[in-house]
Amino acid sequence: MVVRKLPGPRRFAALASLVVVCAVAAPLAARADIASIGQAGARATEQAVRINRLCTRVWVIGDSLTVGSAAALRSGLDSLKLEAEIVDGANNRRISATAPISGVRAARSIRATSGEANCWVIALGTNDISNGVITTTRARAAVAEMLAEVTPQARVWWVNVDFRSLDQSTRTFNTVLNERAAADLRFAVIDWYALAESHPEWFVDVVHVNSAGYTARAALIVDSLRRSSGK
């Protein structure tokens, strides 16, 4: 390759032009980088605000354990000074829309009659694992089916399960909840299993607890909401 040298004046003019081009291009590049960082920062800030916002409207959907703890739970939620709250518990409730008593249908009904909430508590799974939701695949499908029915972009707390005669199924379901929490910043697990297992004296059967247990369960849920909402 032959390199041609420009005459002195032309070479100087070319170098001057290059300096001008670089002087213009560098700020433009910098502005492009700043703009990119700004957009990313704005998205991160928006996500942080969305995730960390205060709970003002809380809908709770659960099974017989929610029925047992309903009075204490309502009292605790009242202390948070919410705009609105719903505690909807039903004996034998399962997640599936095809179940006789369904969490999915309950969520649809609540949204249709009472509107949206920015925070949901789901306390389901016990009756599901006793009705065949015993594999990781089925547990993931059940959890996803329920989450599809809550308010979009809402924060969700899921109370995990403790079915003492179905230890493997309990672990499988709770592991799926933990996986979800690790992947979704809007999702958190309330660890009823750890608390209940540390108090065997509460249990009246393999699932249900006495009044002390129900009071403690309600307090665990309310405290989780309070801590996460900065109240």
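Nothing fancy with the numbering, it's 1 onward along the sequence. Fair warning: this is a prediction, and the values are worked out from it, not measured in the lab.
For R108 and S102, the side-chain atoms include no donor-acceptor pair closer than 3.5 Å. Side chains of T137 and T135: a donor-acceptor N/O pair is absent below 3.5 angstrom, by distance only.
Between the side chain of T172 and the main chain of Q168, a donor-acceptor pair closer than 3.5 Å is present. A side-chain donor-acceptor contact under 3.5 Å links R57 to the backbone of E116. Checked by atom type and distance alone, the side chain of E145 never pairs as donor or acceptor with a backbone atom of V104 at under 3.5 Å. Between the side chain of N174 and the main chain of V161, a donor-acceptor pair closer than 3.5 Å is present. Using modelled atom types, no side-chain atom of R155 and backbone atom of C55 make a donor-acceptor pair closer than 3.5 Å. When atom types are taken as modelled, the side chain of T151 and the backbone of N118 share no donor-acceptor pair closer than 3.5 angstrom. S109 places no side-chain N or O within 3.5 Å of a backbone atom of R105 that could act as its donor or acceptor partner.
Using a cut-off of 4.0 Å between Lys/Arg side-chain N and Asp/Glu carboxylate O, E197 and R164 are scored as salt-bridged.
Hydrophobic clustering, with ILVMFWY side chains joined whenever heavy atoms are under 4.5 angstrom apart, keeps W59 apart from V67. Hydrophobic clustering of Ile, Leu, Val, Met, Phe, Trp and Tyr side chains at less than 4.5 Å, counting indirect connections, unites F173 with V206. The cluster map of Ile, Leu, Val, Met, Phe, Trp and Tyr, joined by side-chain heavy atoms under 4.5 Å apart, puts L177 and Y193 in different clusters.
If you take OG1 on T56 and CG on L80, they are separated by 11.5 Å, rounding to the nearest 0.5 Å. Interatomic distance, OG1 of T126 versus CG of N160, reported as 9.0 Å (0.5 Å rounding). A distance of 10.0 Å separates CZ of R140 from OG1 of T175, quoted to the nearest 0.5 Å. Between atom CG of residue D191 and atom CG of residue D162 there is a gap of 9.5 Å, rounded to the nearest 0.5 Å.
The aromatic rings of W158 and F187 are tilted relative to each other, their planes meeting at an angle between 30° and 60°.
Considering every non-hydrogen atom in both S69 and Y214, the closest pair reads CB-O, 3.5 Å. Of all heavy-atom pairs between H208 and S64, the closest is NE2-OG, 2.8 Å. Among all heavy-atom pairs drawn from I129 and I134, the shortest one is O-CG2, 3.5 Å. Nearest approach of E149 to R111, heavy atoms of both residues: O-NH1, 2.9 Å. In terms of heavy atoms, L195 sits closest to A216 at CD2-O, 4.1 Å. Shown here for G103 and I61, the closest heavy-atom pair between the two residues is O-CD1, 4.1 Å.
Within the 4.5 Å cutoff, the side chain of S169 has no heavy atoms near those of the F163 side chain. The side-chain heavy atoms of P100 and N92, taken from C-beta on, include no pair separated by under 4.5 Å. Using a 4.5 Å heavy-atom cutoff, the side chains of L147 and W120 are not in contact. Two residues are said to be in side-chain contact when any heavy atoms from C-beta on lie closer than 4.5 Å; I221 and W157 fail this criterion. Between R186 and Q153 the shortest side-chain heavy-atom distance falls below 4.5 Å. Taking the side chain as every heavy atom from C-beta outward, E85 and V60 never approach each other to under 4.5 Å. The shortest distance between side-chain heavy atoms of L77 and L82 falls below 4.5 Å. Taking the side chain as every heavy atom from C-beta outward, V209 and W192 approach each other to under 4.5 Å.
Checked against I95 for a side chain to side chain contact (heavy atoms under 4.5 Å, CB included), the options L124, V133, I122 give a single hit: L124. Under the side chain to side chain contact (heavy atoms under 4.5 Å, CB included) rule, D63 has a single partner from V159, N127, N91, which is N127.
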